[in-house]
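Below you'll find the structure, written out as structure tokens, and then a few comments.
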Amino acid sequence: MVYAGFGLACALSGTPLLYLGSDPGPSALGWGVAGGGALAALACGAVARYGLQSALRVLLWVVCALAGMAAFGLLMDVITLVFGQGVDSGVAAANHALAAAGVLLLAATARSARRTPAAAVVRAPSAASGPVQLAACAGTAAFLPYAAMKLIWASGGTFAGMTGEEMLAVSKRNGASGIWLTLESWGLDGTVLLAALGAFLLWGLVRPWGQVFPRWALWLRGRRVPRWLPLAPALIGAATLAPYGVFGVGYVALATAGVVTMRRGDFHSSSDALLVAWIGMTAFAVYGIALIVAARSYWLRTHPPTGRVLTQSDHSRSVDSPSTATGRPWEVTAVCGVTSAFHQEHPDALCQEVPRLPNSPT
């Protein structure tokens, strides 16, 4: 309802919610935001009244995807707030933040009926598969040319026809914050530090230390990492960098082919701007896709296996029928977990004789 009211207010006042560079987008987008917020509110109200039906779950995921599209640019807003004087549009930033909050709430509602029972077994920490780790390598390597370019400028060198002094003057003219200018004076670049954090996040998603704090985490070592801690920034980063980089690479490819014209911006020529664009957009695209792959792997590897509490008849079947123990490993795990809870409540059941399984060595 808050998001719907926000969109309605922007539509009635003619306030744009989208900016294409420095040009404001159509204010009519506010009506779309109001409609999407109203649809989400109606869907959540229907869930509260009738329960989470299959059709309502599909509707919630559809609205969640729309809210995710509206939240595009949130990561850029955060970076601008940290390293710049402020965002280009406070209204657009508020739209991104409200839409991101809506994504979390709608996803939680859509998954509310799938919560893991208390008897479920916690998965042991595990590394991602080889192809997923290969994607993490590619995502990390994609940032190396980008980091090298930025560090050349930060150290006073020249790249793509631009000297470090010229890039510093551009940063000051564009309203860089004191933090950014201080890092530049130390020969560091803020985006390079963010790229390093991004690589750290990427490898945390594919290695076991992303599930249990390692020894170097001091007082946190040995404790399980909350799933939301790496997944939240991973999903926000993937939803921002992947489409931004993929569409950017497409535009740069068209500019290279001469279909569109690349603006030179602060560079001395369009070819210099094109070179820098190739390096930056390729890094964002490859890293964004790698982040999607790694986040999906982390989600699946850390999702608790589900099971159901056994009744007395279920327990009798598990004892009398030898087929239970010859099922799939995850079925055996779930049965063992819930029968253990059953035995705690019914200790006499432990005295029952368990028949020998066929083909058993004992």
Side-chain angles (χ1 to χ4, degrees), residues 44 47 52 57 60-61 63-65 67-68 71-72 74-75 78 96-137 139-140 194 196-242 287-309 329-331 333-334 336-338 341:
C44 292
V47 169
L52 189 57
R57 179 182 287 112
L60 285 171
W61 283 119
V63 180
C64 183
F72 177 78
L74 177 62
L75 180 61
V78 174
H96 298 156
L98 289 174
V103 169
L104 297 177
L105 294 175
L106 290 169
T109 304
R111 295 183 57 84
S112 59
R114 298 184 177 183
R115 292 177 181 174
T116 305
V121 180
V122 178
R123 294 183 186 271
S126 61
S129 63
V132 175
Q133 297 198 44
L134 219 70
C137 291
T140 304
L194 291 176
L197 289 176
F200 178 82
L201 171 64
L202 188 61
W203 284 101
L205 291 169
V206 301
R207 300 301 303 169
W209 54 265
Q211 301 170 44
V212 174
F213 286 106
R215 287 179 295 179
W216 47 261
L218 301 180
W219 61 89
L220 292 176
R221 61 182 179 182
R223 298 185 180 183
R224 294 199 69 88
V225 178
R227 293 181 73 220
W228 60 265
L229 188 60
L231 282 176
L235 294 176
I236 293 174
T240 302
L241 295 178
Y287 176 81
I289 294 173
L291 199 57
I292 293 175
V293 174
R296 180 182 181 275
S297 172
Y298 186 89
W299 181 286
L300 295 176
R301 287 183 291 112
T302 58
H303 192 278
T306 58
R308 64 185 183 89
V309 179
W330 66 267
E331 293 175 337
T333 303
C336 291
V338 293

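What's counted below: heavy atoms across the whole structure, side chains too, no hydrogens, waters or symmetry copies.
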- Query: Mind checking what makes side chain to side chain donor-acceptor pair (under 3.5 Å) contact with Arg296, not counting sequence neighbours?
  - Reply: none
- Message: For Trp228, I'd like to know if atom CH2 has over 12 heavy atoms of other residues, nucleotides or ligands within 6.0 Å.
- Response: no
- Kindly give the heavy-atom pair with the smallest separation between Cys44 and Leu106, and that separation in Å. SG-CD2, 3.9 Å
- For the pair Leu291 and Leu205, evaluate side-chain contact (heavy atoms from CB on, under 4.5 Å) and give the outcome as yes or no after the intermediate values. CA-CA 9 Å; Leu291 199 57; Leu205 291 169; 3.8 Å; yes
- Item | Heavy-atom donor-acceptor pair, Ser297 side chain to Val293 backbone, under 3.5 Å | no
- Message: The criterion is ring pair (Phe, Tyr, Trp, His ring centres under 6.0 Å); which residues satisfy it with Tyr287, sequence neighbours excluded?
- Response: Phe143
- Side-chain donor or acceptor of Arg224 paired with backbone N/O of Pro125 under 3.5 Å: no
- Message: Within this structure, what is the CD1-NE2 distance for the pair Ile236 and His96, rounded to the nearest 0.5 Å?
- Response: 12.5 Å
- Note on the structure: All heavy atoms of Ala294 vs all of Leu202, minimum pair found to be CB-CD1, 3.7 Å
- Message: Run the ring pair (Phe, Tyr, Trp, His ring centres under 6.0 Å) test against Phe200 and tell me which residues pass, sequence neighbours left out.
- Response: Trp209
- Query: Has the side chain of Tyr298 got a donor or acceptor atom that lies under 3.5 Å from a matching backbone atom of Ala234?
  - Reply: no
- Item | Exam field: side chain Arg227 to backbone Trp299, donor-acceptor pair closer than 3.5 Å | yes
- Shortest non-hydrogen contact between Pro230 and Val225, atoms and distance: CD-CG1, 4.0 Å
- Message: If you compare all heavy atoms of Ala290 against all heavy atoms of Ala135, which two are closest, and at what distance to 0.1 Å?
- Response: CB-O, 3.2 Å
- Query: Got a second to check how far Leu98's CG is from Leu105's CG, nearest 0.5 Å?
  - Reply: 10.5 Å
- Item | Over all atoms of both residues, closest heavy-atom pair of Ser126 and Gln211 | O-NE2, 2.6 Å
- Note on the structure: In short, Val132 meets Ala128 closest at the heavy-atom pair CG1-CB, 3.6 Å
- Task: Report the C-alpha distance between Val103 and Leu235 in whole Å, list the side-chain angles of each, state the deciding distance to 0.1 Å, and finish with yes or no for side-chain contact (heavy atoms from CB on, under 4.5 Å).
- Result: CA-CA 11 Å; Val103 169; Leu235 294 176; over 6 Å; no
